[in-house]
Amino acid sequence: MAGVAATAACIGPFPTDSAAPPSRAPEVPVGPPRVLPPIDHVRGADLSFTLQLEAVGRTFSDRGRTAPVEQLLAARGANLVRLRLWVNPPPATNDLATALVLGRRANSAGCHLLLDLHYSDFWADPGIQAPPAAWTGQDLARLGRTVHGYTRDVVAAFVAQGTPPAMIQIGNEVSRGMLWPLGAIYRDGGERWDAFAELLKAGVAGAREGAPNGVQTIVHVETGGDNLACRHFYDNIGRRGVEFDLIGLSYFPWWHGSLPMLRANMADLAPRYGKDVLIVETGYPWILPDTDGVSYYVSKPAQLPERDRFPATPDGQAAFFEQLRAIRSEVPDGRGFGFVAWEPAWMPEIRASRGEENRYANITMFDWYGAGLPSLGAFRA
């Protein structure tokens, strides 16, 4: 491990002025669109930064083979790629054109698509749900129409190129609402669910209109280990008639608790709501570096609730993902739908935004030379 830890110091200095790549990513040849078999359960990865990584010369390898990252994961058994979409983002960062390119590549590799619509020009999460600049000032009725039309058109664009999405998230980590302030839940000294529910309904309707042959809709919260919070959220949108297909959870143990907490939550949610449960974001560190000056989100053993079972090593990371597979299989009525590893190839060179370092680079499933780690075995069928 000493050699791997030292790699962090060799990779810098990181770019200081932009999160966008300095040059074009190389083109990866793809064949005609493929008709893919149905998904029994998801073994997926979010690969939204792929073109930016390739533009700065990053390559990836696994078991002696160098290839585009989606092909390496598919060879291990991955069957889904998740793609983040922003409305009018900085150039070359998660816009529709970028996602369409990555969608063609994922399809060519044999992977279905999950579209993660942030309904924002940049990152959306529980701490910020800023509406796109072009959507500001709209009242609720008009904003609902905008959400409907945008969602429909995005889905239709993927359908038109022969790569229809299998699933679509109506927002990203929306436990506190989306498109603030109109769609914020916690405001005015209380909870305001009605406007948020209307926006969710608009997104679901748009997704279904854009995909006449069907698409599974997901409502996604970050409280993967908190059953009370999940119940409160899904009870409230259910009371307001929001119809969707899959429950989506984020689960990072240093924020969301132990694996037993996740297991208990999934075991309750699936029968309570009669829906499959999918972990749409997850990850685990393979290293806790202290040599490169980056403030990683997880940097100390004490942050890991089961650090003795799952140390921050390549083998400990692999054991974590094996336990995730086991938990999926234990969900009642077969409703554990799988997992999506979050940005398993996000290397340190690519920042999260201008002036903000990549604080997730130690939860990749490739080492900092781009070589596959043992955890890639979790994608097997």
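What's counted below: heavy atoms across the whole structure, side chains too, no hydrogens, waters or symmetry copies. Keep in mind it's a predicted model, so treat the numbers as computed, not measured.
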Can you hop from Y284 to M261 via hydrophobic side chains spaced under 4.5 Å?
->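 Cluster IDs for Y284 and M261 differ.
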
Determine, using the 4.5 Å side-chain heavy-atom cutoff (strictly less than), whether V154 and L199 are members of one ILVMFWY cluster.
->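 Looking at the clustering, L199 is in the same group as V154.
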
All side-chain hydrogen bond (donor to acceptor under 3.5 Å, both in side chains) counterparts of D62, not counting sequence neighbours =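 In terms of side-chain hydrogen bond (donor to acceptor under 3.5 Å, both in side chains), with neighbours along the sequence ignored, D62 is linked to R76.
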
Sequence neighbours excluded, which residues qualify as side-chain hydrogen bond (donor to acceptor under 3.5 Å, both in side chains) partners of E27?
->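 Here no residue qualifies.
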
For V331 and A270, which heavy atoms make the closest approach, and how far apart are they?
->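 Taking V331 first and A270 second, the nearest heavy atoms are CG1-CB, 3.6 Å.
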
Do [X] and [Y] meet the criterion of a side-chain donor-acceptor pair at a distance under 3.5 Å?
X: S375; Y: Q317; result: yes
X: S48; Y: D46; result: yes
X: S61; Y: Y369; result: no

What ring pair (Phe, Tyr, Trp, His ring centres under 6.0 Å) pairs are there with at least one residue in residues 156-176, not counting sequence neighbours?
->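 Sorted result for residues 156-176: empty, none.
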
Y360: partners by ring-ring contact (aromatic ring centres under 6.0 Å, His included), with sequence neighbours left out =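 ring-ring contact (aromatic ring centres under 6.0 Å, His included) check on Y360 returns Y297, W342, W346.
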
Taking only Lys NZ, Arg NE, NH1 and NH2, and the carboxylate oxygens of Asp or Glu, determine whether [X] and [Y] approach each other closer than 4.0 Å.
X: E54; Y: R105; value: yes
X: E222; Y: R176; value: no
X: E281; Y: R84; value: no

Under 6.0 Å between the ring centres of F339 and Y251?
->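 No: the rings miss the under 6.0 Å criterion.
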
Test E330 against every option in R263, R325, R335 by the salt bridge (Lys or Arg N to Asp or Glu O under 4.0 Å) rule and name the one that passes.
->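 The option that passes is R263.
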
Whether the side chain of [X] engages the backbone of [Y] through a donor-acceptor N/O pair (distance < 3.5 Å, no angle test) should be reported.
X: Q52; Y: I350; answer: no
X: E357; Y: S295; answer: yes
X: H118; Y: L85; answer: no
X: N79; Y: R43; answer: yes

Tell me, yes or no, whether the heavy-atom count around E191 atom CD, taken from other residues, nucleotides or ligands under 6.0 Å, exceeds 12.
->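 Yes, CD of E191 has more than 12 neighbouring heavy atoms, counting only those of other groups under 6.0 Å.
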
Criterion ring-ring contact (aromatic ring centres under 6.0 Å, His included) against F233, the qualifying member of Y186, W193, Y273 =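 The residue from Y186, W193, Y273 that satisfies ring-ring contact (aromatic ring centres under 6.0 Å, His included) with F233 turns out to be W193.
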
Which pairs, with at least one residue in residues 127-145 and sequence neighbours excluded, count as a side-chain hydrogen bond (donor to acceptor under 3.5 Å, both in side chains)?
->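 Qualifying pairs, neighbours excluded: Q138-T146.
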
Once the angle between the rings of F122 and W86 is folded into 0 to 90°, is it parallel (under 30°), tilted (30 to 60°) or perpendicular (over 60°)?
->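 Tilted: the ring planes of F122 and W86 meet at 30° to 60°.
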
Evaluate the ring planes of W286 and W368, with Trp represented by its six-membered ring, and classify them as parallel (under 30°), tilted (30 to 60°) or perpendicular (over 60°).
->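 Perpendicular.
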
Rounded to the nearest 0.5 Å, what's the gap from CG on L324 to OG on S329? Could you check?
->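 Reported value, rounded in 0.5 Å steps: 11.0 Å.
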
Please tabulate, for side-chain N and O atoms in residues 28-38, each donor-acceptor pair with protein atoms closer than 3.5 Å (sequence neighbours left out).
unit_1: R34; atom_1: NH1; unit_2: S108; atom_2: O; d: 3.0

For R351 and N358, run side chain to side chain contact (heavy atoms under 4.5 Å, CB included): C-alpha distance rounded to whole Å, both residues' side-chain angles, the deciding distance at 0.1 Å, then the answer.
-> CA-CA 5 Å; R351 290 181 175 271; N358 175 358; 5.7 Å; no

